[in-house]
Structures are given as structure tokens and as C-alpha cells.
There are 2 protein chains.
Amino acid sequence: MMARRSDHSQEEIREMAIKASRSIIIRKGLSALSARKIASEIGYTPGTLYLIFKNQDDLILHINAITLQDLHKQLVSAIKRCRKPESCILKLGHEYVRFAVENRYLWNAIFEHRLPDGQKLPGWFRVHIERLYNLVEVQLESFNNTKRFDTHLAATALWSGVHGICVLGLTDKIENSNEKLIQSLVDSLINNYLAGLR
Amino acid sequence: MMARRSDHSQEEIREMAIKASRSIIIRKGLSALSARKIASEIGYTPGTLYLIFKNQDDLILHINAITLQDLHKQLVSAIKRCRKPESCILKLGHEYVRFAVENRYLWNAIFEHRLPDGQKLPGWFRVHIERLYNLVEVQLESFNNTKRFDTHLAATALWSGVHGICVLGLTDKIENSNEKLIQSLVDSLINNYLAGLR
DNA sequence: ACCTGAACACCGTTCAAGT
DNA sequence: ACCTGAACACCGTTCAAGT
């Protein structure tokens, strides 16, 4: 049994590879992922993966895109019953923390992964990031404020800030960090930022 | 020429190893660092490094501690002539961004590096992080406010937020990111957070 | 006592060769 | 056409052996 197996279509192998990769990341983290492990889990050899993905970075970007989609979905459904933009943004922050904690390794993989040197993120990937910022921006637009302000800038600043708290909290860089403390920090950041915006 | 060279003391080898490591990180980033490269740059074999450092994580933590010390020094000198806490905190934010941009790879190494699984950061390392948060906390304590608030929580939230903007800005996760934009985002976060705190 | 050199168990990626 | 298997150029880490 060598070469030309056609047990599965390329599309099937692709899905098997992504599924196996996600499972490895969930269990052991991104650093435990390797082409050899993925291949052995799906019953193919490492070389096969390079017929389907450009390289490991390409594969990881596709996995991270799925995680970003899942996150987006969770965030959207979390604010379904929200009325005031303030409480919407707070809910978004809470849900972001909850998702990161619950899917720690998948979420971590998004930010642990770095493209080589000056390589830019591909546009199809960046779209997934922008959709997240957009959830906040939409709320800021309907924010009942007297002053004019740049909602895009504000959404980027606030949401990056929330993310920063999450990263440092979940990578042991904040003392005695736990989900409850992280939530308090996020609350503090959002509440005061929004109050300042008024 | 094998074994028992004693060309250098252990202390000298240690310093040579750290110097060489920093130079590799500055030139090529943390991912280009390897025991074999460090060893070859200082004229020893990889095994020698394990007489001096527990493992690669230990070595990287020592390098990152130096970077955190440098950063702390820069921040302290940046606010020497500051009077009002508001402008102090803004200056701290600016200087943080400037340092991260100027020392991109060294700064990145601090956050790119992850200890395995559930391993906690050693206390001697965490001290360096806390000293940074403390710079902000001190300013918040002398903040001219009527309301009472938890200055430790506020310092952690605000500074983690500033850091988040930096990370996303410098890892291409914010659109059209450049130093000027990052500074505007940091300004926005600090100004509005402080205004909200009042 | 100090350091080496080789070994072990891994990597990502490529590509000639097999079916 | 599809996939393999082996190769290339790397890893971190350990430790018997040499001086």
C-alpha cells in the first residue's frame, strides 16, 4: 500500500488534517503540533500535507480562522438580547474572556503563532479579526454621546485593551490571576473608558 | 583541545552566552535562537550551556529579565520631569510604545516565550513585571480624585490595556498599524480611562 | 573538575521514485 | 495523478568519556 491510495479525496484529507490539528492543539497546545503528528493521526505521511497546505503557517492560519469564526459566533449570540450599547460592550468583554478561558489553547494559538519576519497576514485572515473589532464599533456608533469621536479608533483601542488583559491574565503575567479577576479588570477598563468617552 | 579548557570562568561564559543570545534575538528574533547557535558564537559546545543554565527556558527568562530592567530604566527616566499624574501616565504609555518599537525583537521575546503547560513564572522574574505595573500604580495613587478606587486593579487594567494595543499593533493584527497610530490608540485608552476614573 | 562529542528523539520541508 | 519514504538541515537535552 504505497502511493496513489485515493482512500480519501483531497478535500476529505484537508478536513481530517484540520480536525486532527485542532484536537492536538486542544489537548497539548500549539507547540505540540507537528506535521508528523498530524499525518500519523490521519494515517498519511507528512509529505501529503504539503499537497494540501502551502506550509505549516498556512495550516495554522486556517485553524486560527476557524477559532476566530467560533469566537465571533459566540460574541454575536451573547449580545442578542442586549439593549444599551454600554451593557452590550460589557457583555462582549465578558464573553471574550469566557471564550478565551474555555478554549484556552485554541485561543492562545491565534496569538502564539507568528508569521516569519516581515510577512503580512493574508487578507482573508485579517477579515476575521476585523469582524471582531466591528462588533464593538457598531455598539460605539449607537453610543448615546454628545461629543463626536472616532468610533473606529475607539473600538480598536478598547478592544485591544480588553485583549491585552486577557493575554497577560492567561499567560501568568498578572499576579494571582483567575477568571474572576480578569473579568473585574475588563469591567474596569470598559466602564472607565466608556465613562471617559461621555 | 578538548575538555577542561578553563579559557573562561563559568561567570564569563554565562555573560558571553547572554550577550550572544541577545545579539541573535536582536538580529533575527527569538525563534532563531538555539543552543547550538549560541554555543558556536561563543566558541563552546551546546552541552556547556547546560552546566550554566537549567535549560533554554531558564536562559530566555534571564534575557527577558534584562529587557524588563532596561524598559523600567527607560520609563523611570522618561517621567523624571513630570508633574501631573495624568501626563506622567501618558508619558509612560508613549515611552512603552517607543521602547517596544525600538527594541522590537527583545520586547517581543518577553511575550513570545511561553513556559511549558502549568509551569509558573519564577518569583525573581515576576518581580520585574510588577515593578512596571508599580510605576503606573504610584501615579494613580497621587491621582487627584474625589472617588475612592482600587489603584492596584486600575493600574493592572490600564497597563495591560496599553500592552494589548502594543502587541496587536506590532504583530500586524491592527490594520495599517504604525507607531503613530499605536500612540493615538494608547492616548485614547489612557485619556478616556483616566477621565472615567474621575 | 570541566567540557566535549556523540547520541537520542525529535523538528519542517522537499522531491525522486513507486504504483 | 497521488502519495510515499527517505533525505536534508535542523532542533533541545543528556551523559559517558576524555583531559
Side-chain angles (χ1 to χ4, degrees), chain A residues 1-18 20-25 27-64 109 112-117 119, chain B residues 1-18 20-25 27-64 109 112-117 119:
Chain A
M1 54 127 159
M2 189 202 301
R4 182 105 192 220
R5 308 178 3 178
S6 294
D7 291 352
H8 307 89
S9 69
Q10 300 255 121
E11 196 48 51
E12 282 173 321
I13 297 177
R14 185 192 183 81
E15 272 162 33
M16 289 160 66
I18 285 181
S21 301
R22 278 170 56 90
S23 150
I24 293 168
I25 293 173
R27 293 188 327 254
K28 314 241 186 183
L30 180 64
S31 62
L33 192 72
S34 81
R36 283 170 169 85
K37 273 187 209 143
I38 299 165
S40 101
E41 283 214 11
I42 65 174
Y44 282 78
T45 57
T48 305
L49 294 171
Y50 287 82
L51 301 172
I52 295 163
F53 299 97
K54 232 179 97 243
N55 51 35
Q56 196 168 265
D57 284 331
D58 184 38
L59 186 154
I60 294 173
L61 283 177
H62 280 95
I63 289 162
N64 286 344
E112 201 171 332
H113 178 243
R114 305 251 207 264
L115 248 24
D117 219 49
Q119 212 165 108
Chain B
M1 52 126 161
M2 190 202 300
R4 182 113 194 213
R5 310 180 358 181
S6 294
D7 291 351
H8 307 89
S9 70
Q10 300 253 123
E11 196 48 51
E12 282 173 322
I13 296 177
R14 185 192 183 80
E15 272 163 33
M16 287 159 65
I18 286 180
S21 301
R22 279 170 55 90
S23 149
I24 292 168
I25 293 172
R27 293 187 327 253
K28 314 241 186 185
L30 181 62
S31 63
L33 192 71
S34 82
R36 283 171 169 85
K37 272 186 211 147
I38 300 165
S40 101
E41 283 213 11
I42 64 173
Y44 282 78
T45 58
T48 305
L49 294 171
Y50 287 82
L51 302 170
I52 294 163
F53 299 98
K54 231 178 99 244
N55 52 35
Q56 195 168 267
D57 284 330
D58 184 38
L59 186 154
I60 294 173
L61 283 177
H62 280 96
I63 290 163
N64 286 344
E112 201 172 332
H113 177 244
R114 305 251 205 264
L115 249 25
D117 220 48
Q119 211 166 110

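Reckoned from all heavy atoms, side chains included, excluding hydrogens, waters and symmetry mates. Chain identifiers are assigned alphabetically (A, B, ...) following the order of the sequence lines, protein sequences preceding nucleic acid strands; residue numbering begins at 1 within each chain.
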At less than 4.0 Å, is any side-chain N or O atom of [X] found next to OP1 or OP2 of [N]? Yes or no.
X	N	result
B:R5	D:dT19	no
B:Q10	C:dC3	yes
B:Q56	D:dC11	no
A:Y50	C:dT13	yes
B:S34	D:dC11	yes
B:K37	D:dC10	no

Inset, instruction - Tell me what B:L33 touches on the nucleic acid: a base, only sugar-phosphate, or nothing, going by heavy atoms under 4.0 Å. - result: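 Counting heavy atoms under 4.0 Å across all strands, the contact made by B:L33 is with sugar-phosphate only.
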Inset, instruction - Tell me what A:I52 touches on the nucleic acid: a base, only sugar-phosphate, or nothing, going by heavy atoms under 4.0 Å. - result: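 Since no nucleic acid heavy atom lies under 4.0 Å of A:I52, the category is nothing.
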Legend entry - Same-atom distance (P) from D:dA9 to C:dC10, integer angstrom: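 Result for the P pair: 22 Å, nearest Å.
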Legend entry - A:S9 backbone acceptor or donor facing A:E12 side chain under 3.5 Å: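 Side chain of A:E12 to backbone of A:S9, a donor-acceptor pair under 3.5 Å: yes, one is there.
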Legend entry - Closest-nucleotide 5' rank along DNA chain D - winner of A:G43 and A:R36: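 Between the two, 5'-proximity favours A:G43.
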Inset, instruction - Decide whether B:S40 and B:R36 meet the rule of one side-chain donor and one side-chain acceptor closer than 3.5 Å. - result: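 Short answer, no.
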